[in-house]
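Accompanying notes for the structure given below.
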Amino acid sequence: MEIKISSLDTIREAAKEFVAAMGDSRVFAFYGKMGAGKTTFVKALCTELGVEDVITSPTFAIVNEYTDGKGEPIYHFDFYRIKKLEEVYDMGYEDYFYNGGLCLIEWPELIEPLLPDDAVKVSIVEQADGTRLITF
């Protein structure tokens with residue numbers, strides 16, 4: 001599936017479209033270059049899912065936990081600063097990836113061997129005209 005984000009004004013619409021297409025999947029791995037809009041899109045997804053907390057990038061914390069509008073957990077990961085897979089083992093990644101909560105993962109390429117087999121790979125690419133193309 002492809003979703004185009006033409007501007008920040010349309011990001012909520014794109015998030016709504018993404019949520020409608022999520023199905024039963026629980027782990028989403030967001031791939032994209034620095035500045036492609038991964039965090040911005042994850043924030044829009046969380047808002048669309050009913051998160052009322054302030055949504056911030058977990059770059060230093062590695063994971064932020066939110067609650068959606070139905071009281072279900074959402075785990076937002078940013079593995080950008082991970083140096084070794086042992087760090088991910090130490091944080092107990094399995095407790096997050098396999099507990100049924102929604103996992104939104106930025107920089108998954110750094111922990112790829114640990115991703116569940118059914119993780120949905122999501123690509124966010126900035127186009128020449130500044131729009132973003134999301135494919136999954």
Side-chain angles (χ1 to χ4, degrees):
M1 178 163 191
E2 284 187 358
I3 299 172
K4 185 174 183 176
I5 302 173
S6 52
S7 70
L8 274 177
D9 293 338
T10 64
I11 197 164
R12 284 291 300 271
E13 292 169 32
K16 189 175 199 165
E17 196 175 332
F18 188 92
V19 168
M22 288 170 73
D24 293 332
S25 298
R26 304 311 296 156
V27 179
F28 293 84
F30 291 86
Y31 294 82
K33 293 181 178 177
M34 181 76 71
K38 296 180 298 293
T39 300
T40 303
F41 188 65
V42 167
K43 286 179 181 182
L45 280 178
C46 289
T47 300
E48 188 60 36
L49 290 165
V51 172
E52 294 181 3
D53 297 328
V54 174
I55 303 159
T56 59
S57 174
T59 301
F60 294 100
I62 300 177
V63 62
N64 286 345
E65 183 176 339
Y66 305 111
T67 303
D68 71 13
K70 298 175 185 168
E72 299 294 322
I74 297 175
Y75 305 106
H76 178 197
F77 297 88
D78 184 333
F79 289 114
Y80 182 73
R81 297 197 180 284
I82 291 295
K83 303 274 189 274
K84 303 179 282 191
L85 282 180
E86 286 76 25
E87 295 174 62
V88 184
Y89 286 116
D90 291 345
M91 69 171 283
Y93 78 95
E94 292 157 314
D95 294 338
Y96 296 102
F97 289 5
Y98 298 101
N99 78 357
L102 182 61
C103 295
L104 307 173
I105 304 167
E106 295 184 50
W107 298 102
E109 46 274 80
L110 301 174
I111 60 137
E112 210 142 64
L114 305 180
L115 289 174
D117 292 339
D118 62 351
V120 177
K121 294 184 177 184
V122 181
S123 171
I124 301 179
V125 178
E126 183 176 7
Q127 305 298 294
D129 63 2
T131 63
R132 303 301 198 267
L133 188 62
I134 299 173
T135 55
F136 59 103

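Along the sequence shown, residues are numbered consecutively beginning with 1.
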How about CG on Asp24, more than 12 heavy atoms from neighbouring residues, nucleotides or ligands closer than 6.0 Å, or not?
no

Check whether any side-chain heavy atom of [X] lies under 4.5 Å from a side-chain heavy atom of [Y], and answer yes or no.
X      : Y      : answer
Phe30  : Ile105 : no
Gln127 : Lys4   : no
Leu114 : Leu85  : yes
Glu65  : Pro73  : yes
Thr47  : Leu49  : no
Ile62  : Val88  : no
Phe18  : Leu45  : yes

Can you tell me if [X] uses its side chain to pair, donor with acceptor, with the backbone of [Y] under 3.5 Å?
X      : Y      : value
Arg132 : Gly130 : yes
Ser7   : Asp9   : yes
Glu112 : Pro108 : no
Lys38  : Ile124 : no
Asp53  : Ile55  : no
Glu13  : Thr10  : no

So, for Phe28 and Phe136, is the gap between ring centers shorter than 6.0 Å?
no

Phe77 ring center within less than 6.0 Å of Tyr96 ring center:
yes

Using the rule given for side chain to side chain contact (heavy atoms under 4.5 Å, CB included), can you reason through Phe41 versus Ile5, listing the C-alpha separation, both sets of side-chain angles and the distance that settles it, and then say yes or no?
CA-CA 10 Å; Phe41 188 65; Ile5 302 173; 3.7 Å; yes

Nearest non-hydrogen partners of Leu110 and Phe79, listed with the distance:
CD1-O, 3.1 Å

Closest approach of Ser25 to Leu102 (non-hydrogen atoms, all atoms of both residues)
O-CD1, 4.3 Å

With side chain to side chain contact (heavy atoms under 4.5 Å, CB included) as the test, would you mind laying out the steps for Glu17 and Met1 before giving the verdict?
CA-CA 10 Å; Glu17 196 175 332; Met1 178 163 191; 3.7 Å; yes

Does a salt bridge link Arg12 with Glu48, judged by any charged N lying under 4.0 Å from a carboxylate O?
yes

Ring pair (Phe, Tyr, Trp, His ring centres under 6.0 Å) between Trp107 and Tyr80, worked out:
CA-CA 6 Å; Trp107 298 102; Tyr80 182 73; 5.0 Å; yes

Just by distance, with hydrogens left out, do [X] and [Y] show a side-chain donor and acceptor under 3.5 Å apart?
X      : Y     : value
Asn99  : Tyr75 : yes
Asn64  : Tyr66 : yes
Glu106 : Thr39 : yes

